[in-house]
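Structure record follows, encoded as structure tokens.
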Amino acid sequence: MRNFEEVIKFAKERGPKTISVACAQDKEVLMAVEMARKEGIVDAILVGDLEKIKEIANELSIDLNNYETIDEKDLALASRKAVELVSTGKAHMVMKGLVDTSIILKAVLDKEVGLRTGNVLSHVAVFDLPGYDRLFFVTDAAMNLDPDVQTKKQIIENACQIAHALDISEPKVAVICAKEKVNPKMPDTVDAKKLEEMNQRGEIKGCVVGGPFALDNAVSIEAAKHKGIDHPVAGNADILLAPDIEAGNILYKSMVFFGNSKNAGVIVGAKAPVILTSRADNEETKLNSIALGVLTASKIIEG
Ligand SMILES: CCCC(=O)OP(=O)(O)O
């Protein structure tokens, strides 16, 4: 798939799946859920402050009779309830509404009702950027603070799972740093080379990994040529692995706010997808993320 029109088209074919929405009292969230419901992509259970949900639904002319609703004002309890709906099989996936990422992630990691599998959980953002003929994947903007090399390996594997769900069979993974040469004083460049070597030894499968790369020579063939870099990933990256959450989150938000991109985001590695965007993302991003979640859930269910 090369754009979100295709992602939505395929999600319609796999839908409707059921999502539970944690803290659904948000205009953009309700607009996106309603669009996804009308398209036959999802049915939804709205968990949150029912008074506010009704107020927003009324303003947007959304008929709440089309939804199951659960009244819970407390953000942590609403997140826990929404996650529990997934772990008890009543919903296929959970979506972050108007709540801090850390609160919903705490519910996802909860030992009793959470969705842990033993795998590393990580965030994968998908971007459709003007001027590029392919989707870009950025990881990890939201979950792992300062991953070590083994965690980075699993973050790559999680991102590849999403790329494969979008029919990109052998994504090119660029491990991005501040420069394209290994410098022992810059540990992320050392990790990048180790990840490339792990991939060459067959320890990371289903992709081609290269690194370290600076962002320019990961995404631009001209920049790579200019710097004399000859590597199958150089200038051709599909997946950009950021060194830590600071770089990942800044890259995500710079693409959204400066790049005029379309995007979507989901957490992978749990028993079910967690649809996770920034509270500040618009309804289109939230709709794209629901569609991405449906394709990811289908892949988990169908294998
Ligand atoms: C994927 C971005 C997660 C994030 O930064 O969320 P908030 O902007 O809602 O904090």
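As the structure lists them, so they are numbered: ligands from 1, and atoms in each ligand from 1. Residues take their numbers from the sequence shown, with the count starting at 1.
For D63, the CG atom is densely surrounded, since the number of other residues' heavy atoms within 6.0 Å is greater than 12. Heavy-atom neighbours of K106 NZ from other residues, nucleotides or ligands within 6.0 Å: at or below the threshold of 12.
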side-chain hydrogen bond (donor to acceptor under 3.5 Å, both in side chains) evaluation trace for K262 with T285: CA-CA 7 Å; K262 294 181 178 182; T285 296; over 6 Å; no
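The shortest heavy-atom contact between A82 and S20 is O-OG, 2.7 Å.
Looking only at atom types and distance, the side chain of E28 has no donor-acceptor partner in the side chain of N282 under 3.5 Å away.
Aromatic ring centres of F137 and F127: separated by at least 6.0 Å.
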Nitrogen or oxygen contacts under 3.5 Å, ligand 1 side and protein side:
from, atom 1, to, atom 2, distance (Å)
ligand 1, 5 (O), N249, ND2, 3.0
ligand 1, 5 (O), K253, NZ, 2.8
ligand 1, 6 (O), K96, NZ, 3.2
ligand 1, 6 (O), T101, OG1, 3.3
ligand 1, 8 (O), K253, NZ, 2.7
ligand 1, 8 (O), S278, OG, 2.6
ligand 1, 9 (O), K96, NZ, 2.8
ligand 1, 9 (O), R279, N, 2.9
ligand 1, 9 (O), R279, NE, 2.7
ligand 1, 9 (O), R279, NH2, 3.4
ligand 1, 10 (O), R279, NH2, 2.8

